[in-house]
Structure formats: C-alpha cells, structure tokens
Amino acid sequence: MNIAIDFDNSYANLPERFFSFLKPTPVQAPQLLAFNDALAGELGLGPRPDDAALAQLFSGNRLPDGAQPLAQAYAGHQFGGFSAQLGDGRAILLGEVIDRAGQRRDIQLKGAGPTPYSRNGDGRAWIGPVLREYLLSESMHALGIPTTRALAAVATGEEIARETWLPGAVLTRVAASHIRVGTFQYFYARNDLAALQTLFDHVVARHYPAARSPEALLDAVIARQVELVAAWMSVGFIHGVMNTDNTSISGETIDYGPCAFMDNYHPETFYSSIDRGGRYAYQNQPGIIGWNLAQLASCLVPLMPDKDLAVERFTAMINAVPDRVHAVWLTRFRAKIGLAKAHDEDAALITDLLALMAESGADFTNTFRALSQGDARDHFIDRDAFDAWAGRWQARLADEVDPQARMRAANPAFIPRNHRVEQMIEAAVDGDMAPFQRLLLVLSRPYEDQPEAADLTHPPLPSETVAATFCGT
Ligand code: AMP
Ligand code: MG
C-alpha cells in the first residue's frame, strides 16, 4: 500500500528559471528510522502504510502520485560573502499539500541525491545531521517557536564519505515554504525584474495576503523575523548559520546545521565550527537579522514605483529593526521573570540578571526554570549579588498576578542539550534508536516537569561538553 498525498503544487507552476525538475536518486536499502504520525495527520496524509512502504517513499525511491520533484534555485550571503548561485544542492521538493488547517505546506526530501546546484557536494546527508534536525526542529515546535518540521527520517543503507564513511539518511522536511531571502537575491542579482515580480506575487498570495505592496511585504517579513529571533533568544538558541539563504520568508526557523541551545549563559557563545570569530554568536543574532532583512529590502526596491523614495523608507524600516527586536525581546524576558505589565525598570532588571548569570556561568535553561521554583540562588557564585537582585525582583513582582504560572510557561525545563544530541547520534549510528525516541518524547512536553527524565535537565559533565557543532553536510 502507498500513502496518499493529495498534492496541490504551486511552485512547480512558476517559470522554469525558478528551479530544476529532477527526480531523487534511488538508494540501496531504505529503512525507516522515524515517522511523525501527528504531523502526517496534520497534513491530512492517508492511512499509514507499513514501515517498508514509508521507507521507499521518504527515501525518494518511490515517487508518490502527484509529486513534481524539483530543486529550487536561490542565492545568498554566506558569512557576509555573496554567492549568486546556491540552490537546493541536496534537497528535492516533492510538492505541496494544503493541511487540515488550510495552510499550504512544502514536503521536501533532504539528502535525496545530487542536483544541478550541488557544486562539489554529493547531494547526501548522514544520519547524524538528519536525526539532529528531526529532533531539534520538533523540539522547537514543541517550544512554540515557528519552525520547519520533520515528517520522516530514513536510513539509505548506503555509506557516504565525510571525514570517514558514515551511514546515509534522508530527512523529509515540511515547511510553510522554502522561499528564502536568498530566493529574492537570486533574481535581484540577475536583474530579472519579471521574476522578482512573479516571486513577490507568489509570496504575497502564499504567506502575506494582506501585503499589497513591496513595502508592506517587507514590514510583514520584518515582523515575523523579529518575533522569531526574540523567541530564539528567549530559549538560548543559537542558529549558527544565519546566512540569507537560511532566512525564510515565512518566518520559520530553517536549517538546523550547526545550531545549538546554550548550556551555561554567556552572550558571546557560539558553537559552530565554521563560524570563525563568532559572527553568528548568541547576542549578535538581532543585528544579523537586521542585516539579512536589509538584503531583502534591496531586492524589493526595484519593485517600487519611486526608487529613491523606496530606499529612504526601507532604510528607515531597517534601522528600526533593533528597536523592534528589543521590544519583543523585552516582552519575552519579562515573561521569563514573571512580568506581564511594563515598568521602566524592567529592562535593567533583566539585563542585570543576565549579567550575573554570565558572571556565574549559570545554566541558561535551569536558572530561569529555578526562578519559577524559588531555588535559583544556587546557580550563582556571588550569592549576595543575587540576593540583592532578588530583592528588587520581589518588589517588582508585587505588581503582578500569578507570576509563577507565567514563568513556567515561558521557561522550559527541557531543551535538546548538545551532549544529549551527540549521545543520541552515537547510539543511532550503532543501530540503537532508543535515545532518539526518548529525547523526542520528553522534548515534546518541554514545559512540564517530568521527574523520570530529570537526567535530561542536567548540564553536560566536563567530559560530555560539546565544544563545537558541525554543519555535517
Ligand atoms: P547550508 O550551509 O546547509 O545552508 O548549505 C549551503 C549550500 O550548500 C546549499 O546550497 C546546500 O544545498 C549546499 N549543500 C550543503 N550540503 C550539501 C551536499 N552534501 N551536497 C550538495 N550540496 C550541499
Ligand atoms: Mg541552508
């Protein structure tokens, strides 16, 4: 039996220079590693066939009826340098479905074989980054933060060459769309105004039906990205590779390459092995998103009737991004310390706490969680300084109703800690999927105390600490 996917493709109807039609490259011996039944239900997919059939389907070996597989073209600034020609080098879009909530969603295979955009890459992925993305994206979703989702992970039965030979896998990613800032840049770099207009129309119809002008679209994308980055900051997430090709127009978190959730708090933290100098460090993310949105703004100028006026207005909008991030950040962090009302001194209260946490190397997640339980003091080296802060905080809390509940809803107990993710990958390579299953289950309820999973709240032992994360391509 095959699964029924009721495709309703729109990207495939755009002009041919937007993509290349091609089929996934078949794999030797596909085996299902994970399947997201809840998401399949959300997408309105038909009854679940057996694992073997799912593995055939989500490895790319068997194309579902109605699929129009294609690799999308895009460009992008990577670490500040522009590449006019990137594109899906190992991802193939099967098509789109309208989900149960009426939303259009892409279904894409990642690691499905080479494409015209592969450059020197092999078009494949190994199971480490595939399971990592599966777990982290599902965890992000459970945290309530917009993100691409994971529908399936399939081992290919083939070994691929990295630093060593590693087992290959394919991830099925679901996204509101895979249109990026870099998609606009692709056509802007080619001075292809007709394509820019077509892309604009497609994006407005698909994501921002209320946006009647490029200016309105820019404002709407800014709003979503500002929300997104502030949400990341609130859970200690470091994206790690905030290139413009990894900045989605829909405002979802996309590309779980070298990303990481911080253990001990320090604003300059970064993990990515390829991020020399920490361009994409934790505290730099608001500035970087402003920079990326400025690239989008440049691409939209040619679509405006009066270019000079457009530049003037877009510049003002981009200049306002830091303040907009700060405003959302403030709301998010107010909630983390139990505040719903706005007082002038709140920002200082929050930044003073963060400074104390940085000084103590306090665990980001556990310290905030402990605040809601009244036992945060032990996380600080300078107890007197914390007590002084806590005194100010208690006085401020007098003006709030039920701050405890607010804090529990804003401070997760469980995040996918890097060392646990690494341990999960090591086990999976040895054929043991139990740690993956356990993490997935616990992380699906991150705001609930789960005493039986207390070990998953522990920061890494020195011997477990993950110093760097890798793109793992
Ligand atoms: P990323 O750093 O994951 O955003 O990827 C940047 C570009 O490299 C994108 O165009 C990817 O499709 C491409 N890419 C990454 N890994 C591979 C691979 N193994 N084979 C082919 N292309 C790849
Ligand atoms: Mg990418």
Side-chain angles (χ1 to χ4, degrees), residues 18-20 22 24-25 27 59-60 69-93 106 108-130 132-134 136-137 140 147-148 150 156 158-171 173-186 189 225 228 238-250 252-260 270-276 279-280 288-289 292 295 468-473:
F18 280 64
F19 52 77
S20 302
L22 88 165
T25 305
V27 303
S59 60
L70 60 86
Q72 294 180 335
Y74 54 84
H77 278 93
Q78 301 179 301
F79 296 92
F82 186 64
S83 272
Q85 178 74 63
L86 292 170
D88 291 330
R90 56 170 168 166
I92 295 179
L93 178 68
D106 273 4
Q108 188 203 61
L109 303 181
K110 189 172 169 186
T115 78
Y117 314 111
S118 295
R119 292 168 294 158
N120 299 322
D122 60 1
R124 294 296 185 190
W126 69 279
I127 68 169
V130 165
R132 194 169 200 281
E133 171 158 351
Y134 195 119
L136 268 75
S137 63
M140 191 67 89
T147 177
T148 62
T156 61
E158 297 174 0
E159 301 245 293
I160 61 171
R162 292 298 181 259
E163 295 84 33
T164 127
W165 290 93
L166 291 164
V170 177
L171 176 80
R173 178 161 67 183
V174 172
S177 82
H178 285 84
I179 302 167
R180 309 131 193 276
V181 169
T183 315
F184 280 90
Q185 290 182 287
Y186 181 84
Q225 285 293 339
L228 182 65
I238 303 161
H239 183 283
V241 60
M242 284 179 73
N243 295 330
T244 57
D245 55 304
N246 294 331
T247 301
S248 101
I249 293 296
S250 76
E252 289 179 336
T253 309
I254 190 169
D255 201 316
Y256 288 81
C259 64
F270 66 97
Y271 290 91
S272 170
S273 58
I274 56 168
D275 190 2
R276 299 215 175 77
R279 177 182 170 90
Y280 298 141
I288 291 291
I289 201 58
N292 290 355
Q295 309 315 309
T469 53
F470 298 88
C471 259
T473 52

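Quick note: numbers below take in every heavy atom, side chains included, and nothing from hydrogens, waters or symmetry partners. First listed ligand is number 1; within each ligand, the first listed atom is number 1.
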**Message:** Quick check against the 3.5 Å criterion: does Asp245 have a side-chain atom that pairs as donor or acceptor with the backbone of Leu86?
**Reply:** no
**Request:** Identify whether the distance between the nearest side-chain nitrogen and carboxylate oxygen of Arg162 and Asp122 falls below 4.0 Å.
**Result:** yes
**Prompt:** Between the Mg ion (ligand 2) and Asp245, is there an N, O or S atom separated by less than 2.8 Å?
**Reply:** no
**Asked** What part of Arg162, side chain from CB on, backbone N/CA/C/O, both or neither, has a heavy atom under 4.0 Å from ligand 1?
**Response** side chain
**Request:** Flag Gln78 as yes when one of its N or O atoms lies below 3.5 Å from any N or O atom of ligand 1, and as no otherwise.
**Result:** no
**Asked** Taking the six-membered ring where the residue is Trp, are the ring centres of Tyr256 and Tyr134 under 6.0 Å apart?
**Response** no
**Message:** So, regarding Gly87 and ligand 1 (criterion: nitrogen or oxygen to nitrogen or oxygen, under 3.5 Å), is there a contact or not?
**Reply:** yes
**Prompt:** Polar-atom distance check: Leu86 versus ligand 1, any N or O pair below 3.5 Å?
**Reply:** no
**Message:** Nearest non-hydrogen contact with atom 13 (C) of ligand 1 belongs to which option: Arg124, Arg119, Arg90?
**Reply:** Arg119
**Item:** Residue portion contacting ligand 1 (non-hydrogen atoms closer than 4.0 Å) for Asp255
**Value:** side chain
**Request:** For ligand 1, indicate whether the residue Thr115 contacts it via side chain, backbone, both or neither (heavy-atom separation under 4.0 Å).
**Result:** neither
**Asked** Side chain, backbone, both or neither: which part of Tyr74 has a heavy atom under 4.0 Å from ligand 1?
**Response** side chain
**Message:** Side chains of Asp106 and His178: any donor to acceptor distance under 3.5 Å?
**Reply:** yes
**Asked** Does any N, O or S atom of Asn246, backbone or side chain, fall under 2.8 Å from the Mg ion (ligand 2)?
**Response** yes
